[in-house]
Amino acid sequence: MSRLLQVGRDEKLDRITAEILAENRAMQKVCEKLGFCLHRAADVVKVEFEL
(Lines give C-alpha, C1' and ligand atoms only; values in the text may rest on other atoms or scores of the structure.)
Protein backbone atom coordinates (compact mmCIF):
# COMPACT_ATOMS: atom_id res chain seq x y z
CA MET A 1 0.00 0.00 0.00
CA SER A 2 2.81 2.41 0.77
CA ARG A 3 4.26 1.75 -2.67
CA LEU A 4 0.84 2.37 -4.24
CA LEU A 5 0.67 5.76 -2.51
CA GLN A 6 4.16 6.63 -3.74
CA VAL A 7 3.26 5.71 -7.33
CA GLY A 8 0.16 7.89 -7.04
CA ARG A 9 2.28 10.82 -5.88
CA ASP A 10 4.82 10.23 -8.65
CA GLU A 11 2.00 10.19 -11.21
CA LYS A 12 0.60 13.46 -9.79
CA LEU A 13 -2.77 11.95 -8.83
CA ASP A 14 -5.10 13.97 -6.59
CA ARG A 15 -6.36 11.00 -4.56
CA ILE A 16 -6.57 7.24 -4.32
CA THR A 17 -9.90 5.59 -3.61
CA ALA A 18 -10.96 2.00 -3.07
CA GLU A 19 -13.84 -0.13 -1.85
CA ILE A 20 -13.23 -2.80 0.76
CA LEU A 21 -15.67 -5.46 1.87
CA ALA A 22 -17.05 -4.65 5.32
CA GLU A 23 -15.80 -7.95 6.75
CA ASN A 24 -12.21 -7.31 5.60
CA ARG A 25 -11.12 -5.72 8.88
CA ALA A 26 -7.42 -6.34 8.25
CA MET A 27 -7.37 -4.16 5.13
CA GLN A 28 -9.43 -1.49 6.88
CA LYS A 29 -6.81 -1.33 9.64
CA VAL A 30 -4.00 -1.03 7.10
CA CYS A 31 -5.81 1.84 5.41
CA GLU A 32 -6.47 3.57 8.73
CA LYS A 33 -2.78 3.31 9.72
CA LEU A 34 -1.77 4.85 6.38
CA GLY A 35 -4.13 7.79 6.85
CA PHE A 36 -7.04 6.89 4.56
CA CYS A 37 -10.48 8.31 5.39
CA LEU A 38 -12.99 5.48 5.81
CA HIS A 39 -16.68 5.80 4.98
CA ARG A 40 -18.66 2.79 6.14
CA ALA A 41 -21.83 1.52 4.44
CA ALA A 42 -23.81 -1.68 4.95
CA ASP A 43 -21.64 -4.12 3.00
CA VAL A 44 -18.66 -2.07 1.82
CA VAL A 45 -16.20 0.48 3.20
CA LYS A 46 -15.11 3.23 0.85
CA VAL A 47 -11.63 4.58 1.53
CA GLU A 48 -10.00 7.73 0.23
CA PHE A 49 -6.53 9.19 0.52
CA GLU A 50 -5.77 12.75 -0.61
CA LEU A 51 -2.31 12.97 -2.15
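Contact between Leu5 and Ile16 at its shortest, heavy atoms only, is CD2-CD1, 3.8 Å. Between Leu34 and Phe49, the closest heavy-atom pair is O-CE1, 3.1 Å. Between Ala42 and Ala22 the shortest heavy-atom distance is O-CB, 4.1 Å. The two residues Cys31 and Met1 come nearest to each other via the heavy atoms SG-CE, 3.9 Å.
Side-chain contact check for Met27 versus Val30: some heavy-atom pair is nearer than 4.5 Å.
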Evaluate the side-chain contact (heavy atoms from CB on, under 4.5 Å) criterion for residues Glu32 and Leu38: first the C-alpha distance (whole Å), next the side-chain angles of each, then the deciding distance (0.1 Å), finally the verdict. CA-CA 7 Å; Glu32 284 179 315; Leu38 280 69; 3.6 Å; yes
Derivation of the side-chain contact (heavy atoms from CB on, under 4.5 Å) call for Asp14 and Leu51: CA-CA 5 Å; Asp14 293 327; Leu51 295 173; over 6 Å; no
side-chain contact (heavy atoms from CB on, under 4.5 Å) between Val47 and Ile20, intermediate numbers included: CA-CA 8 Å; Val47 297; Ile20 304 168; 3.8 Å; yes
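Each of His39, Gln28, Arg25 was compared with Val45 under the side chain to side chain contact (heavy atoms under 4.5 Å, CB included) criterion, and only Gln28 meets it.
In this structure, Leu13 CG and Arg15 CZ are separated by 10.5 Å, a value rounded to the nearest 0.5 Å. Interatomic distance, Cys37 SG to Glu50 CD, rounded to the nearest 0.5 Å: 7.5 Å.
A donor-acceptor contact under 3.5 angstrom links the side chains of Gln6 and Asp10, judged on distance only.
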